[in-house]
Amino acid sequence: MPITNLSDAQHIFIVTGYTDMRKVIDGLWNVITILIDLTTVEDAVFLYCGRRRDHYKALCFMMLYKRIESGRLQWPKLQQALQQLTEQQIKWLLEGLAIYQPKAIHNFDVSNISNF
């Protein structure tokens with residue numbers, strides 16, 4: 001089934017570092033196959049960002065392109081690698097925040113809390 005919304009994807013991967021944004025689908029797919037041994041990944045989205053961090057591309061069964069009118073994306077500056085994102089991290093990234101929020105309240109298991 002084609003992915004029409006990023007939240008529909010089972011797996012969201014970010015290609016860290018910068019990517020040459022002149023690349024089209026085949027070139028972007030080659031970046032992934034160089035980083036990890038993937039032949040087919042169903043329900044996965046791969047996110048790429050250029051050096052200026054003012055636009056990104058999303059590759060699934062189709063390629064999406066988004067330009068940011070003001071501000072910059074908080075794209076990880078690590079060497080080019082592939083990293084899987086959580087649903088919360090993708091929201092932070094697309095809202096202009098860093099994917100690592102050390103002060104954020106993370107989900108916890110309330111079943112371990114005893115009654116008062």
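Computed from heavy atoms alone, side chains included, the values below leave out hydrogens, waters and symmetry copies. The structure displayed is predicted, hence computed values, not measured ones.
Counting non-hydrogen atoms of other residues, nucleotides and ligands closer than 6.0 Å to CD of Glu87 gives a total of 12 or fewer.
Pairs passing the salt bridge (Lys or Arg N to Asp or Glu O under 4.0 Å) check and including a residue from residues 10-19, sequence neighbours excluded, do not occur.
Taking CD from Gln84 and CZ from Phe46, the interatomic distance works out to 9.5 Å, rounded to the nearest 0.5 Å. Atom CD in Gln74 sits 13.0 Å away from atom CH2 in Trp92 (nearest 0.5 Å). Going from atom CD1 of Ile14 over to atom CD1 of Ile90 covers 7.0 Å, rounded to the nearest 0.5 Å. Atom-to-atom distance recorded for Ser70:OG and Asp54:CG is 10.5 Å, nearest 0.5 angstrom. For the atom pair CG of Leu97 and CD of Gln89, the computed distance is 12.0 Å after rounding to the nearest 0.5 Å.
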Does the side chain to side chain contact (heavy atoms under 4.5 Å, CB included) test come out yes or no for Leu59 and Tyr48, once each step is laid out? CA-CA 8 Å; Leu59 178 67; Tyr48 304 82; 3.7 Å; yes
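The two residues Lys57 and Lys23 have their closest heavy-atom pair at NZ-O, 2.8 Å. Between Gly50 and Tyr18, the closest heavy-atom pair is C-CB, 3.9 Å.
Within the 4.5 Å cutoff, side-chain heavy atoms of Gln83 are placed close to those of Ile99.
For the salt bridge (Lys or Arg N to Asp or Glu O under 4.0 Å) test, no residue two or more places apart in sequence or in another chain qualifies with Arg53.
Exactly one of Val15, Leu85, Thr19 qualifies for a side-chain contact (heavy atoms from CB on, under 4.5 Å) with Leu47. That residue is Leu85.
Comment: Lys91 does not engage Glu95 in a salt bridge, judged by the lack of any side-chain N to carboxylate O separation of less than 4.0 angstrom.
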